[in-house]
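Since the structure is predicted, the reported quantities are computational estimates derived from the model, not experimental observations. Protein chains get the first letters and strands the later ones, always in sequence-line order, with residue 1 at the start of each.
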2 protein chains.
Amino acid sequence: MNTTQRTDQQRSAARRRRELLEAADRVVLRDGPQASMNAIAAEAGITKPILYRHFGDKGGLYAALAKRHTDALLNSLRAALDAPAERRERVESTLDTYLAAIEARPQVYRFLMHPSEGSQSDQGFDVGKHSVPLLRRMGEELAQVIEDRLDLGPGSQQLARVWGHGIVGMMHAAGDWWLGERPCSRAELVKSLADLLWGRLAAAGDRVGGPGF
Amino acid sequence: MNTTQRTDQQRSAARRRRELLEAADRVVLRDGPQASMNAIAAEAGITKPILYRHFGDKGGLYAALAKRHTDALLNSLRAALDAPAERRERVESTLDTYLAAIEARPQVYRFLMHPSEGSQSDQGFDVGKHSVPLLRRMGEELAQVIEDRLDLGPGSQQLARVWGHGIVGMMHAAGDWWLGERPCSRAELVKSLADLLWGRLAAAGDRVGGPGF
DNA sequence: CGTGCCTGTTACTTGCGGTAACTCGCAGTG
DNA sequence: CACTGCGAGTTACCGCAAGTAACAGGCACG
């Protein structure tokens with residue numbers, strides 16, 4: 001039998017795969033999300049067909065690459081979310097962790113968020129067939145934390161999921177805008193968003209001259 | 001002089017442009033965001049180069065098409081935002097307007113939100129060079145309304161912009177997720193999101209067994 | 001030795017965005 | 001009327017990227 005050889009081969013294949021992913025990483029970091037398969041292959045010192053043998057198609061490579069960064073980011077966020085501190089402090093620290101990450105590597109961020117994928121003929125609207133995008137995973141994760149930690153009364157599960165996705169979307173959109181315009185410091189942004197979540201919108205008074213928003 | 005003829009030509013050119021846009025609309029509605037220029041030209045009964053004469057490049061056509069729908073949606077939202085009612089009611093009606101729109105025409109929605117654009121060599125991170133994407137426009141619009149109508153104390157302008165983009169992002173992400181999974185009715189989603197904005201996150205009690213999120 | 005099997009290559013096909021160069025019809029002018 | 005410009009439209013092409021045969025060497029196993 002050839003079990004030892006099998007595992008040997010699998011091991012080497014896995015190592016090769018990691019190398020290829022790292023090369024792809026470098027290229028994406030340099031060229032942005034529209035990096036070509038040729039370019040990635042060249043960076044890895046090989047040619048296209050091997051890439052296709054390892055990842056199937058461009059979507060497969062995207063999925064693998066995205067998974068790496070997504071997992072890493074989610075781990076950071078989980079750490080911030082689980083830190084021993086008061087709720088508000090945790091929220092702020094989680095927001096800050098996310099913003100720091102996208103600030104540190106905008107190219108990677110753009111690759112993850114704007115994958116420019118085009119699925120065909122979505123009968124019935126079948127978003128994201130292969131890799132559940134980062135936003136969804138973050139939303140589900142946050143929903144889980146909310147449901148585990150907060151007492152929301154009846155319908156808590158549904159509410160937690162809505163909030164999870166909603167809060168993540170808020171963070172994402174605000175971060176995207178902030179990254180493009182840099183209208184304020186990261187700390188200010190974090191505080192403003194936390195204030196929003198803390199109900200300052202409902203608490204604010206109307207401006208003179210008519211009923212408020 | 002030939003001014004009348006000039007305007008005649010301009011008029012006809014504008015009409016042609018509208019026809020082309022409507023054809024493009026049909027194709028996008030049928031094929032999704034990855035509709036090819038050839039397909040659009042065929043649908044319009046002509047060939048590619050005319051499209052390029054009218055819109056410059058694919059991005060130009062995208063921008064023109066997006067502007068139509070974006071303007072239409074923004075008008076609906078403005079109407080909901082300006083209705084004579086209490087703040088909470090307005091917020092809910094605005095959320096519902098948006099969700100009803102994306103529910104009614106998911107293909108258009110996907111086209112607007114996931115344009116799959118790939119700009120090259122973003123030195124310095126230059127998001128969305130031509131058409132400011134829908135999310136940004138909605139964010140700015142909402143920011144303006146917030147700043148006009150609410151009394152937020154010092155730093156109100158900055159705060160309003162952050163909130164505008166944040167709230168829009170919340171709405172977008174929650175809507176995207178909801179459209180894919182349909183976990184609840186539109187009304188329930190609206191209420192949950194409004195509750196989130198109304199500070200129920202901060203007000204919720206901790207669950208038994210440890211400090212809350 | 002031959003036989004699989006994995007890794008790698010070259011060379012191709014297909015399809016799309018975008019463009020150059022030509023044709024046709026039609027106003028206006030001598 | 002012939003001539004000239006001009007705008008709408010076409011065919012035929014280029015470049016480039018995704019994806020795919022089909023072939024070539026290395027290395028274990030019988």
Side-chain angles (χ1 to χ4, degrees), chain A residues 1-21 23-24 27-28 30-65 111 115-121 129-130, chain B residues 1-21 23-24 27-28 31-65 115-121 129-130:
Chain A
M1 196 57 72
N2 39 17
T3 76
T4 77
Q5 165 191 348
R6 256 270 174 270
T7 62
D8 259 18
Q9 280 173 191
Q10 280 177 350
R11 211 191 306 275
S12 109
R15 209 178 53 230
R16 200 88 184 89
R17 192 184 158 95
R18 276 213 320 277
E19 293 172 13
L20 297 186
L21 276 179
V27 176
V28 166
R30 167 161 40 82
D31 295 354
Q34 31 75 38
S36 85
M37 294 298 265
N38 261 324
I40 294 175
E43 170 71 30
I46 47 141
T47 48
K48 268 193 301 178
I50 332 183
L51 275 185
Y52 283 94
R53 277 225 258 278
H54 275 274
F55 301 104
D57 62 352
K58 196 185 174 84
L61 193 157
Y62 161 73
L65 201 48
F111 167 70
S116 79
E117 65 180 350
S119 66
Q120 62 189 356
S121 77
K129 54 193 175 212
H130 45 224
Chain B
M1 190 64 76
N2 41 17
T3 76
T4 78
Q5 166 190 350
R6 256 269 174 269
T7 63
D8 260 17
Q9 281 171 190
Q10 280 177 352
R11 212 190 304 275
S12 109
R15 211 177 51 229
R16 200 88 183 88
R17 191 186 159 95
R18 277 214 315 279
E19 292 172 14
L20 298 185
L21 276 178
V27 176
V28 166
D31 295 355
Q34 29 79 43
S36 85
M37 293 299 264
N38 262 323
I40 294 174
E43 170 72 29
I46 45 136
T47 48
K48 268 193 301 178
I50 339 183
L51 276 184
Y52 282 96
R53 276 226 256 278
H54 275 273
F55 301 104
D57 61 352
K58 196 186 174 82
L61 194 156
Y62 161 74
L65 201 49
S116 79
E117 66 180 351
S119 63
Q120 60 187 358
S121 78
K129 55 194 169 210
H130 44 226

Looking at NZ of B:Lys58 and NZ of B:Lys48, how far apart are the two atoms once the value is rounded to the nearest 0.5 Å?
10.5 Å
Whole-Å distance separating the CZ atom of A:Arg17 from the C1' atom of C:dT7
17 Å
Between C:dT7 (P) and A:Leu20 (CG): distance, integer Å:
11 Å
Got B:Asp31 and B:Glu43 here, is their nearest side-chain heavy-atom distance under 4.5 Å?
no
Just the rounded figure in Å: distance from P of D:dA8 to CD of B:Glu19.
13 Å
Heavy-atom protein contacts under 4.0 Å, nucleotides 17-22 of chain D, coded B base, S sugar-phosphate only, - none:
SBBBB-
Any idea which heavy atoms bring A:Val27 and A:Ala39 closest together, and the distance?
CG2-O, 4.0 Å
d(CG, B:Leu61; C1', C:dC16) in whole Å
15 Å
Between C:dG17 (C1') and B:Ile40 (CD1): distance, integer Å:
12 Å
Starting from P on C:dT19, measure out to CZ on B:Phe55 and report it in whole angstrom.
15 Å
Answer yes or no: is there a side-chain heavy-atom contact under 4.5 Å between A:Leu20 and A:Leu61?
no
Using C1' atoms of five pairs at each end, report the bend of the helix from C:dC1-D:dG30 to C:dG30-D:dC1 rounded to 10 degrees.
30°
Hey, are the side chains of A:Leu65 and A:Phe55 touching, using non-hydrogen atoms and a 4.5 Å cut-off?
no
Looking at A:Arg16, I'd like to know whether one of its side-chain N or O atoms comes within less than 4.0 Å of OP1 or OP2 on C:dC6.
no
Checking B:Ala41 now: which residues fulfil side chain to side chain contact (heavy atoms under 4.5 Å, CB included) with it, not counting sequence neighbours?
B:Leu51
Nearest 0.5 Å, please: how far is CZ in B:Arg16 from CD1 in B:Ile46?
6.0 Å
Would one find a side-chain N or O of A:Thr47 under 4.0 angstrom from OP1 or OP2 of C:dG8?
no
